[in-house]
Student: 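The structure follows.
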Amino acid sequence: MTTEPPLSALDRLRQRVAAQTAASQPQAPSPVPSGGPPEAGESRLLAGLNPQQRAAVVHGGGPLLVIAGAGSGKTRVLTHRIAHLVETGRAQPGEILAITFTNKAAKEMRERLSALLGPVANRMWISTFHSACVRILRAEHEALAMRSTFTIYDSADSLRLMNQVCREEAIDSRVSTPKGLLRRISDLKNELIDPEDFARSINDEADVTVAAAYRGYQNRLRAANALDFDDIIMTTVGLLQSHPAILEHYQRRFRHILVDEYQDTNHAQYVLIRELTGRGESMGELTVVGDADQSIYAFRGATIRNIESFEDDYPNAESILLEQNYRSTQNILSAANAVIANNPNRRAKRLWTDSGAGDKVVGYVADSEHDEARFLVEELQALSGKRRWSDIAVFYRTNAQSRALEEMLIRAGIPYKVIGGTRFYERKEIKDALAYLQVVANPDDTVAMRRIFNTPRRGLGAKAEDAVAFHAQRHGMSFGAALDDVGSAESPRGQVNGLTPRAEKAIIDFRTILHVAREKAESGSAPADVLDSLMAGSGYTEELRRSDDPQDEARVENLAELHAVAADFKKMNPDATLGDFLEHVALVSDTDQLPDGDVADEGDVTLMTVHTAKGLEFPVVFVTGFEDGTFPHMRSLADPVELAEERRLAYVALTRARENLYITRASVRSQWGAPQELPASRFLDEIPEGLVDWRRAHSSADVLRRSSSTRYSKPSFDGARTGGSVKPGRLDSGSGRLDGGSAKKAAAEALSPEDREKLAAAEAAKAAEQAAAAEELKRKRAEAAQEEEEKLGALASVKPGDTLIHRKFGAGTVRAVEGRGANMVATIEFDGKSKRLMLGMAPLSLPK
DNA sequence: TAGGTGCATATTTTT
DNA sequence: TATGCACCTA
């Protein structure tokens, strides 16, 4: 029974229900109708595979590299290969280690293997790099002199800790920002360079600071019995390299290692795999699958080198190329191929399909992000009836872009879900609650302890915190341990000095709450119950309830959801401890949680970043924000290496589409408040004209500029631009940094004089036409706004419990109302179905 | 110590 | 835009 947890307004707006993009999970349609007569297992596993896929599945012996282009059926190859290994008796299920990057991919692989092999699939290790390593570390914690209850710090925890380090080590955090230091340290860890190694290789003044920060940070992590994300891999490698017996144990166990998305591995992960595979006589069988063109995590230390040099690293390796695409139509594929072909130093692939040309890619140039969103909604409405909502996905480069899209979707009443974005587990109240749990599981977790020390307010300010921290430091103990000395006459270390009686009392009360919860946890209480005890005991929920900040109401609901997650977890894993729950929460992002609700209904349109979209596919895909500065991202424009990564990202985006692909851009986009004019993405120029059906090829600003630019000897950023609706000051500073439209400029200059004249004339005509259209649009919008206002007057006083009539859905009961004025949104229940509608836009009226 | 005000600052991407 | 942080005052 999956009761829908109550969701707040904010939540629904940016709902990050997870993922269940599974509805449209990749499945390589087999060229041969499936479901033939039951045959021997082997041929069942090979049926419908093309020769290359088949070769990869049956390959035996040496290391295998499968270069799998987008949509070439690589997951199928991987799962069938594993099943084949088991069915032919070449491997025991327990000898298999399959590594993926995301929990979602791991889950999907396990499901497919269960379908192929039955319950024996449960004996395999199918997991992400991180959870496999945590599993090893927990089992071998003694060799590391760590307690098995170690905490896993996410990036927010790490940042807090680094802030502490900067303060305590007197690092000037304006010169070296904590974030920057963490970035460096992360890179170092991914290269398996520990603080001592690094200290030996210092090059300049700045490195001295980095070295000090790294050492301080690492010491504090250790003292807190905590590991950050990068430590998880690095520490595992260190463990294996320094303990031959442990290494041998795992080498013997994992005779078959398979790595998905190999192009995303970093150096540490590469070494981990190499160690586990071993070498020489007793070497295990290694299969890696990847596609250098889909490497989009270089910023996190991933290196294409690993896949490019696989044949050198493993001299007797065999390589198999999967080039037939089973996903997309030829037009989509050609567009994607044309873009990626612009990347330098790339090993060319020839992806092909036999599924026909299909529809052209649809293009649209919008005037603003709102206009872009409006186009999206119009197209969606045109698609409704022909497609289920869940067949449709909308991608963007950065999460911030979802906002405009979401607003318009809400207005139109189109159901959608956002994957990613403000993550559930990053919310303040969730982090607070988890910090309470963390402290119960691991009292030495200083970051968590200090986080909740005065949350909710219990009169413990900086002074009290310093007093405890000083005591801890002086006696070489953790902050949490130091709390036990407060007010304790028997402590051999004596009292904690510098606390007022009031503060002392507050600390003792706080400590008692934790002790009670810890006893509960140790006597086997469910994580959800421990959570209850803490939230009630500390008065956390109470404080939120009392608050009149509307956000706090949502926070209470989020905590209720966390409670539900914990209860769910217990149900799925009856033996699970509090520590297991915390590990789950740390490693399983919400992107891969919550199974899909009703498969029967139309589902939701899925919104996500391009990064999140990797590995997925949808019949209909919209890729938005194709502007230089948005996609490719601003920060990549100056650097060819980063630009190449952006191009791979674009390639990933385009290749997600099966049948229909839409690409859009907005010529003006507001970034943190201020509107910026952005030129077309260079990636758009790279798509051959003939593949795209441009519904609108120029923005109003383009048109204005073109018509007036005939007066100027060369196109420039001045004059015409200031005529736009945008503040000139902003524009100049923005556009000056961009090498805007240079490709188009170059193209114009290449024309003969007559052609140029013709072009100018044609464009002038077009300009007039579009200017008129723009005028018309403006008028319509004004009208709509007027209408909206009138309606709002009538609906402004709507409150929960009222009845409203919707043109399409009929009568409904208002359940909740948020926002004010034009942004007022109501949650209305129609006939059992709950919808969120913008009062100003949706066709709603009061009952007569 | 808490709470308010104002200013600065940020936006890639994620295990 | 929205959030956090620093600083100030009560």
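Chain A is the first sequence line, chain B the second, and so forth, proteins listed ahead of strands; every chain is numbered from 1.
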Student: Which part of the nucleic acid, if any, lies within contact of A/Phe101, taking any heavy atom under 4.0 Å across all strands shown: a base, the sugar-phosphate backbone alone, or nothing?
Tutor: sugar-phosphate
Student: Between A/Phe299 and B/dT13, do the rings stack, that is, sit under 5.5 Å apart with planes less than 30° off each other?
Tutor: yes
Student: Under 4.0 Å from OP1 or OP2 of C/dG4: is there any side-chain N or O of A/Lys179 that close?
Tutor: no
Student: Assign the ring pair A/Phe626 / A/Phe631 to parallel, tilted or perpendicular, where the plane angle (0 to 90°) is split at 30° and 60°.
Tutor: parallel
Student: Of the nucleotides B/dT11, B/dT1, B/dT15, which one has an atom closest to the side chain of A/Ala400?
Tutor: B/dT11
Student: Is the shortest side-chain heavy-atom distance between A/Tyr396 and A/Arg403 below 4.5 Å?
Tutor: no
Student: Just checking A/Phe129: base, sugar-phosphate only, or nothing, at a heavy-atom cut-off of under 4.0 Å?
Tutor: nothing
Student: A/Arg300 side chain: which of B/dT13, B/dT15, B/dT1 is closest?
Tutor: B/dT15
Student: Establish, with yes or no, whether the OP1 or OP2 oxygen of B/dG3 is under 4.0 angstrom from a side-chain nitrogen or oxygen of A/Arg457.
Tutor: yes
Student: At less than 4.0 Å, is any side-chain N or O atom of A/Asn399 found next to OP1 or OP2 of B/dT13? Yes or no.
Tutor: yes
Student: Relative to the 5' end of DNA chain B, which residue comes earlier, A/Gly461 or A/Glu642, by the nucleotide with the nearest heavy atom?
Tutor: A/Gly461
Student: Is there a side-chain contact between A/Thr265 and A/Thr303, using heavy atoms and a 4.5 Å cut-off?
Tutor: no
Student: Rounded to whole angstroms, how far apart are CD on A/Glu261 and C1' on B/dT15?
Tutor: 13 Å
Student: Which nucleotide wins on minimum distance to the side chain of A/His611, given the candidates B/dT11, B/dT14, B/dT15?
Tutor: B/dT14
Student: Checking all strands, does A/Asn454 fall into the base, sugar-phosphate, or nothing category for heavy-atom contacts under 4.0 angstrom?
Tutor: sugar-phosphate
Student: Among the candidates B/dG3, C/dT1, B/dT15, find the nucleotide nearest to the side-chain atoms of A/Arg403.
Tutor: C/dT1
Student: Could you check A/Glu645 against A/Arg458 and say which one's nearest nucleotide on DNA chain B is further toward the 5' end?
Tutor: A/Arg458
Student: B/dT14, OP1 or OP2 - any side-chain N/O from A/Thr609 closer than 4.0 Å?
Tutor: yes
Student: Shortest non-hydrogen contact from A/Lys614 to A/Arg656?
Tutor: C-NH1, 4.3 Å
